[in-house]
Protein chains: 2
Amino acid sequence: MQLKKYTDYGLRILMYLGVQEAQARKPGMESSQQNKLTTIRDICTTFDLSTNHVNKVVHHLGRLGLIDTRRGKNGGFLLAKPAAEIRLDYVIRQLEGDEAWIECHNPYCVALPACELKGIVARGKELFYDYLAQFTLTDLLKKQGQLLQIFSTTP
Amino acid sequence: MQLKKYTDYGLRILMYLGVQEAQARKPGMESSQQNKLTTIRDICTTFDLSTNHVNKVVHHLGRLGLIDTRRGKNGGFLLAKPAAEIRLDYVIRQLEGDEAWIECHNPYCVALPACELKGIVARGKELFYDYLAQFTLTDLLKKQGQLLQIFSTTP
DNA sequence: CATAACCTACATCCTTAATGCATGTTTTAT
DNA sequence: ATAAAACATGCATTAAGGATGTAGGTTATG
């Protein structure tokens with residue numbers, strides 16, 4: 001009963017992008033970095049993760065429309081919409097996969113037709129996601145200054 | 001993101017015991033079956049599960065004080081307290097293990113000191129369990145008659 | 001004392017997440 | 001043009017942990 005690292009990595013990537021974006025908007029920064037995009041390599045060195053795994057997560061985030069990716073030299077990716085519009089429930093549900101939290105088949109449970117459990121667990125799951133729906137990427141960036149420092153000091 | 005089969009089996013076992021107990025209390029039943037205990041074999045044939053796995057779950061339920069087990073000939077087990085006092089949050093939390101739903105170490109996340117995510121997910125997890133705390137084994141036995149029929153017709 | 005049942009430890013299998021490798025495709029700078 | 005930098009994609013491999021199996025131990029009953 002734990003989120004996949006895959007999902008976890010996706011959230012870290014979004015946090016990284018959120019911090020970069022906020023920084024780029026600071027006065028005096030508009031042209032200094034020429035809006036350089038974040039690359040998979042940046043993420044991997046910052047968080048010390050496997051290139052291949054991050055590769056897949058980035059691709060997934062792209063397909064979900066959460067980030068815009070650009071191929072080719074000087075390519076990379078950035079948030080596709082404002083951090084305030086990226087809801088945590090959506091991100092986690094999509095990356096995690098939206099299966100039932102309890103398995104009634106495989107093996108098939110004879111009690112299934114008269115079982116009250118699956119409904120209770122399913123409702124609990126929805127409450128969990130309903131709670132997450134109150135938060136957006138913005139809420140993950142409260143300690144933005146500290147995050148920026150962490151991200152910029154990791155070589 | 002799914003409950004372990006282990007946990008699932010534990011709940012099924014409790015449901016089975018709850019039904020047996022209610023049946024034993026029916027008028028005219030007090031002495032007819034001599035209060036025969038439920039055995040691991042009974043559970044395995046009813047739900048078509050592995051003896052060894054059920055073995056471990058039963059043992060665990062015993063250690064948790066949810067069932068009383070008795071060794072030796074004519075041994076077996078039964079609920080250690082009324083179904084209404086067996087809360088689902090407790091059962092699931094114990095059988096499932098109460099780890100955090102998100103992994104911040106292994107590998108260690110550099111953002112940890114400034115991360116808002118772990119708190120949000122932890123609170124969501126507690127809401128899930130808070131919801132489960134509203135229910136007891138009794139709530140899983142609403143369709144008791146149907147369950148009894150299912151359990152007694154599986155050879 | 002034999003049998004039926006749970007107890008316990010250890011070993012193995014199996015699923016799947018995690019990771020690695022190889023190659024393709026696109027874009028840009030030179 | 002062409003080389004380099006970046007994401008895209010598919011397949012192979014490894015690792016972790018849950019699921020299952022084997023073997024014997026212990027306890028109670030008849």
Side-chain angles (χ1 to χ4, degrees), chain A residues 1-10 12-13 17 34-45 47-78 80 95-97 99 101-103 105-109, chain B residues 1-10 12-13 17 34-45 47-78 80 95-97 99 101-103 105-109:
Chain A
M1 196 63 168
Q2 206 172 260
L3 294 179
K4 291 186 284 190
K5 291 186 183 180
Y6 185 86
T7 305
D8 194 0
Y9 294 174
R12 296 189 202 181
I13 292 168
L17 293 176
Q34 287 288 353
N35 291 330
K36 185 183 161 300
L37 298 179
T38 296
T39 71
I40 289 175
R41 179 164 303 274
D42 293 336
I43 301 289
C44 290
T45 58
F47 292 99
D48 191 27
L49 301 177
S50 140
T51 311
N52 309 285
H53 209 184
V54 172
N55 194 336
K56 282 162 202 175
V57 180
V58 165
H59 179 57
H60 197 165
L61 291 173
R63 277 191 289 121
L64 291 175
L66 294 173
I67 66 178
D68 285 331
T69 63
R70 241 181 67 206
R71 302 215 262 194
K73 199 165 183 175
N74 296 335
F77 44 89
L78 76 172
L95 293 183
E96 192 65 23
E99 66 196 351
W101 282 4
I102 196 163
E103 184 66 77
H105 314 77
N106 182 39
Y108 174 78
C109 177
Chain B
M1 198 62 166
Q2 205 173 258
L3 295 178
K4 291 186 283 191
K5 290 186 183 180
Y6 186 86
T7 304
D8 194 359
Y9 293 175
R12 296 190 203 180
I13 292 168
L17 293 176
Q34 287 288 354
N35 292 329
K36 185 183 162 298
L37 298 177
T38 296
T39 71
I40 289 175
R41 180 166 301 275
D42 293 336
I43 302 289
C44 291
T45 57
F47 292 99
D48 192 27
L49 301 177
S50 140
T51 311
N52 309 284
H53 209 182
V54 172
N55 193 338
K56 282 164 201 172
V57 180
V58 165
H59 179 57
H60 197 165
L61 292 172
R63 277 191 288 121
L64 291 175
L66 294 173
I67 65 178
D68 286 330
T69 62
R70 242 181 68 205
R71 301 214 264 194
K73 198 164 185 177
N74 296 333
F77 42 89
L78 77 172
L95 293 183
E96 191 65 21
E99 67 196 350
W101 282 5
I102 196 163
E103 185 65 77
H105 315 78
N106 180 37
Y108 174 78
C109 177

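In the text below, chain A, chain B and the rest are named by the order of the sequence lines, each starting its count at 1.
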Problem - Distance in angstrom units between B:E103 CD and C:dA17 C1', rounded - result: 14 Å
Problem - Among C:dA18, D:dA19, D:dA6, the nucleotide that comes nearest once only the side chain of B:H53 is considered - result: D:dA19
Practice task
Find the distance between CG (A:D42) and CD1 (A:I13) and round it off to the nearest 0.5 Å.
Solution key: 11.5 Å
Problem - Within 6.0 angstrom of A:R41 CZ, more than 12 heavy atoms from elsewhere - result: no
List every contact pair, protein side and nucleotides 2-5 of chain D side both N or O, where the distance is under 3.5 Å.
residue, atom, partner, partner atom, Å
D:dA5, N3, A:K73, N, 3.3

Exercise for the section: Return no unless some side-chain N or O of B:Y9 is found under 4.0 Å from OP1 or OP2 of D:dG18. Expected result: no
Exercise for the section: For C:dC7, take OP1 and OP2 only and decide whether either is under 4.0 Å from a side-chain N or O of B:T69. Expected result: yes
Exercise for the section: Find the distance A:E96:CD to C:dA17:C1' and express it as a whole number of Å. Expected result: 11 Å
Practice task
Specify the separation, in whole Å, of atom CG of A:D8 and atom P of C:dA17.
Solution key: 15 Å
Completion exercise
In whole angstroms, the gap separating C1' of C:dT19 from CZ of A:F47 amounts to 19 Å
Exercise for the section: Write down the distance between CG (A:D68) and P (C:dT26), rounded to a whole number of angstrom. Expected result: 18 Å
Completion exercise
Note: for A:K56 and A:R70 on DNA chain D, the residue whose nearest nucleotide lies more 5' is A:R70
Practice task
Between C:dC6, D:dA19, D:dT20, spot the one nearest the side chain of B:I40, thanks.
Solution key: C:dC6
Fill in the blank from the handout: Contacts of B:F77 and A:S50 projected onto DNA chain C by closest heavy atom; the upstream (5') one is B:F77
Problem - Gap between atoms CG and C1', on B:L95 and D:dG18 respectively (whole Å) - result: 14 Å
Completion exercise
Rounded to the nearest 0.5 angstrom, the CG-NZ distance for A:L61 and A:K56 is 14.5 Å
Practice task
Could you please name the option among D:dT20, D:dT9, C:dA18 that lies closest to any side-chain atom of A:N55?
Solution key: D:dT9
Throw together a table of side-chain donor-acceptor distances under 3.5 angstrom for residues 1-8 of chain B, partners on residues two or more places apart or in other chains.
residue, atom, partner, partner atom, Å
B:K4, NZ, B:E96, O, 3.4
B:K5, NZ, A:N106, O, 3.3
B:Y6, OH, B:H60, ND1, 2.7
B:T7, OG1, B:E96, OE1, 2.5
B:D8, OD1, B:R12, NE, 3.4
B:D8, OD2, B:R12, NH2, 3.1

Practice task
Indicate, with a heavy-atom threshold strictly under 4.0 Å, whether A:G62 touches base, sugar-phosphate, or nothing.
Solution key: nothing
Exercise for the section: Can you tell me the distance, in whole Å, between the CG atom of B:L37 and the P atom of D:dT27? Expected result: 19 Å
Exercise for the section: Check every strand shown and say whether B:H59 touches a base, only sugar-phosphate, or nothing at a heavy-atom separation below 4.0 Å. Expected result: sugar-phosphate
Practice task
Answer whether the closest heavy-atom distance between the side chains of B:F77 and B:T38 falls below 4.5 Å.
Solution key: yes
Problem - From C:dT19, D:dT22, C:dA17, nucleotide with atom closest to B:N52 side chain - result: D:dT22
Completion exercise
Nearest heavy-atom approach of A:G10 to A:V57 is CA-CG1, 3.5 Å
Practice task
Measure the CG-CD1 distance between B:L17 and B:I43 for me, rounded to the nearest 0.5 Å.
Solution key: 5.5 Å
Exercise for the section: Grab the NZ-C1' distance between A:K5 and D:dT14 for me, whole Å please. Expected result: 13 Å
Problem - Distance, nearest 0.5 Å, that separates CG of B:N74 from OG1 of B:T39 - result: 10.5 Å
